[in-house]
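Remarks on the structure that follows.
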Amino acid sequence: MRARTRGSSSAGRIVAIVADVLAFVIVAWILLYLLDANQNNSLVDLVHDAATWLATWSYDLFTFDRDWVQVVVGYGIAAVAYLVIGHALAGWLARR
């Protein structure tokens with residue numbers, strides 16, 4: 001029984017770490033956008049592509065006239081969702 005608890009706890013930690021990394025990538029893109037990072041830079045392009053893929057489902061959920069608000073809200077919803085769902089799942093796995 002003890003080994004099963006340890007395994008569930010490890011799985012919960014892994015899920016929480018993955019959720020944190022996904023949210024970090026999205027928040028990094030939001031900050032790069034707000035700080036007007038060079039769009040021709042390969043790192044900026046990589047972060048943008050990853051964040052866009054992760055937030056595909058949430059980006060056009062709401063539309064705003066200002067581009068910066070669209071980016072913050074559209075990508076921010078995905079970042080918060082990954083954190084909330086990921087940590088809820090991690091907590092559930094840790095209790096198993």
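Shown here is Tyr59, whose OH atom has more than 12 heavy atoms of other residues, nucleotides or ligands within 6.0 Å. The 12-atom threshold is not exceeded at CZ of Phe62, counting heavy atoms of other residues, nucleotides or ligands nearer than 6.0 Å.
The distance from the CG atom of Leu43 to the CG atom of Leu32 is 7.0 Å, given to the nearest 0.5 Å. Summarising the geometry, atom CD1 belonging to Ile26 is positioned 9.5 Å from atom OG1 belonging to Thr52; distances are rounded to the nearest 0.5 Å. How far CH2 of Trp57 is from CD1 of Ile77: 7.0 Å, rounded to the nearest 0.5 Å.
Side-chain contact between Val27 and Tyr75: absent, with no pair of heavy atoms (C-beta onward) separated by less than 4.5 Å.
A tilted orientation is assigned to the rings of His48 and Trp29, their planes being inclined by 30° to 60°.
For the side chain to side chain contact (heavy atoms under 4.5 Å, CB included) test with Val69, the passing option among Val72, Val71, Asp67, Val73 is Val73; the others fail. A side chain to side chain contact (heavy atoms under 4.5 Å, CB included) with Tyr82 is found for exactly one of Val18, Leu22, Val21, namely Leu22. With Val15 as the fixed residue, the side chain to side chain contact (heavy atoms under 4.5 Å, CB included) test singles out one of Asp20, Ile85, Leu89: Leu89.
Checked by atom type and distance alone, the side chain of Gln39 never pairs as donor or acceptor with a backbone atom of Tyr33 at under 3.5 Å. Here the side chain of Ser58 pairs a donor or acceptor atom with the backbone of Gly74 at under 3.5 angstrom.
Listed here is the closest heavy atom pair of Ala19 and Leu83: O-CD2, 4.1 Å. Residues Val44 and Ala37 approach most closely at CG2-CB, 3.8 Å, considering heavy atoms.
Residues Leu34 and Val25 fall within the same hydrophobic cluster, defined by Ile, Leu, Val, Met, Phe, Trp and Tyr side chains chained together at heavy-atom separations under 4.5 Å. Residues Ile30 and Phe64 share a hydrophobic cluster, clusters being chains of Ile/Leu/Val/Met/Phe/Trp/Tyr side chains in contact below 4.5 Å.
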Notebook entry, point to check: Hey, mind stepping through Asp60 and Gln70 against side-chain contact (heavy atoms from CB on, under 4.5 Å) and telling me if it holds?
Noted result: CA-CA 8 Å; Asp60 287 331; Gln70 182 69 35; 4.0 Å; yes
